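Below is one structure; the comments refer to it alone.
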Number of protein chains: 2
Amino acid sequence: MSSKLLQAESQTGRACGNSASDMSNCPVRDVMDRIAGKWSTLLLEALAQRPYRFGELRRLVPDISQRMLTQTLRDLQRDGYIDRQVFPTKPPSVEYRMTELGHSLFQPLAQVLLWAEQNHASVKAARQRYDESELARN
Amino acid sequence: MSSKLLQAESQTGRACGNSASDMSNCPVRDVMDRIAGKWSTLLLEALAQRPYRFGELRRLVPDISQRMLTQTLRDLQRDGYIDRQVFPTKPPSVEYRMTELGHSLFQPLAQVLLWAEQNHASVKAARQRYDESELARN
DNA sequence: CGGGATCCTGCAAGATACTG
DNA sequence: CAGTATCTTGCAGGATCCCG
């Protein structure tokens with residue numbers, strides 16, 4: 001099941017993480033490491049809807065620091081997921097917009113996020129069971 | 001597009017990250033934070049194929065430390081994605097096996113990993129373009 | 001308004017050694 | 001074999017101030 005991916009990998013020679021210095025040759029890690037960031041998915045989720053300006057994103061995700069907002073946006077832009085457009089008004093305004101590449105990534109990603117919502121209860125239940133059985137052992 | 005998720009969220013009141021202390025009420029972050037770990041996806045990928053023993057997983061992912069292997073496996077077990085079965089042989093052997101919940105998570109997740117493989121080149125290209133244009137500005 | 005430049009902290013993750 | 005127990009460290013991420 002879900003075999004194509006894994007077949008490809010077992011042909012390439014095991015599940016990445018190989019010769020220590022080829023992390024950039026491991027697509028899984030290379031892409032996931034960016035998505036993994038604390039705020040990446042939240043911002044991708046927002047920008048998948050429609051373009052947003054910097055301040056709008058701040059208000060959308062209140063507990064992000066402006067430092068991390070700037071940095072995460074730049075990282076996403078660097079990987080080609082979003083575009084940045086500056087309007088030389090005064091004061092200046094900057095709009096972030098998801099690219100085609102970003103949308104194509106978000107399509108499968110959204111399925112994972114959907115799974116997360118639908119199965120959050122099961123995960124929390126499993127977590128509680130585990131913690132209780134661990135508690136009983138001590 | 002991909003609207004159900006986002007509709008649900010805008011009804012709930014913005015893209016999580018709300019009142020600072022409700023991180024466990026944000027399914028996206030709660031699930032993603034586990035997947036986001038440096039080794040989680042690689043181990044899920046392996047165990048989606050078939051059960052593995054501890055030492056086998058070590059050999060599959062050579063540059064993981066045994067500390068992180070143990071910890072990541074326990075975290076995945078805690079969230080109900082994998083099961084741990086001890087065979088009281090001597091020396092003891094322990095088998096890790098993906099649960100149904102784990103497989104149901106891996107199904108959408110595999111699509112993201114597949115995307116990563118197929119679009120890795122585009123990402124690397126975008127990254128290079130960005131770096132070069134940044135270089136030119138300085 | 002949309003950042004940059006600094007400083008600081010906690011925690012993820014590595015290294016090493018020991019054990020049932 | 002399959003772990004625990006420590007010690008250590010790099011870096012993600014937060015707080016704060018400044019600037020065009």
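Proteins come first, then strands; the chains are lettered A, B, ... in the order of their sequence lines, and each starts at number 1. In this text the structure is predicted, and so the values were computed from the model without any measurement.
For A:Arg97, the side-chain contact (heavy atoms from CB on, under 4.5 Å) partners two or more places apart in sequence, or in a different chain, are A:Pro51, A:Glu95. Under the side-chain contact (heavy atoms from CB on, under 4.5 Å) criterion, B:Gln128 pairs with B:Glu132, sequence neighbours left out.
With rounding to whole Å, B:Leu69 atom CG is found 14 Å from C:dG14 atom C1'. In this structure, the CZ atom of B:Arg53 is 8 Å from the P atom of D:dC1, given to the nearest Å. With rounding to whole Å, A:Leu73 atom CG is found 14 Å from C:dC1 atom C1'. Atom CZ of B:Phe54 is separated from atom P of C:dT19 by 18 Å (rounded to the nearest Å). Look at CD on A:Gln77: it is 15 Å from P on C:dG2, rounded to the nearest Å. Atom CG of A:Asp33 and atom P of C:dA12 are 15 Å apart (whole Å). One atom, CD of A:Glu134, and another, C1' of D:dT4, lie 13 Å apart when rounded to the nearest Å. When rounded to the nearest whole Å, the span between CG of B:Leu60 and P of D:dA2 equals 13 Å.
By the 6.0 Å and 45° rule, A:Arg58 does not stack over the aromatic ring of A:Phe54.
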Task: Summary of protein contacts for nucleotides 10-20 of chain D, nucleotide by nucleotide, where a base hit scores B, a sugar-phosphate-only hit scores S (4.0 Å, heavy atoms) - done: ---BBBBB--B
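The two residues B:Ile35 and B:Ser40 have their closest heavy-atom pair at O-CB, 3.7 Å. Nearest heavy atom pair, residue B:Leu47 against residue B:Met98, reads O-CB, 3.5 Å.
Contacts of A:Tyr96 with the nucleic acid, taken as non-hydrogen atoms under 4.0 Å apart, involve only primed sugar atoms and P, OP1 or OP2.
The phosphate of D:dA2 has neither OP1 nor OP2 within less than 4.0 Å of any side-chain N or O from B:Arg84.
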Task: Worked verdict on B:Val86 versus B:Arg84 for side-chain contact (heavy atoms from CB on, under 4.5 Å) - done: CA-CA 7 Å; B:Val86 183; B:Arg84 191 184 109 117; 3.5 Å; yes
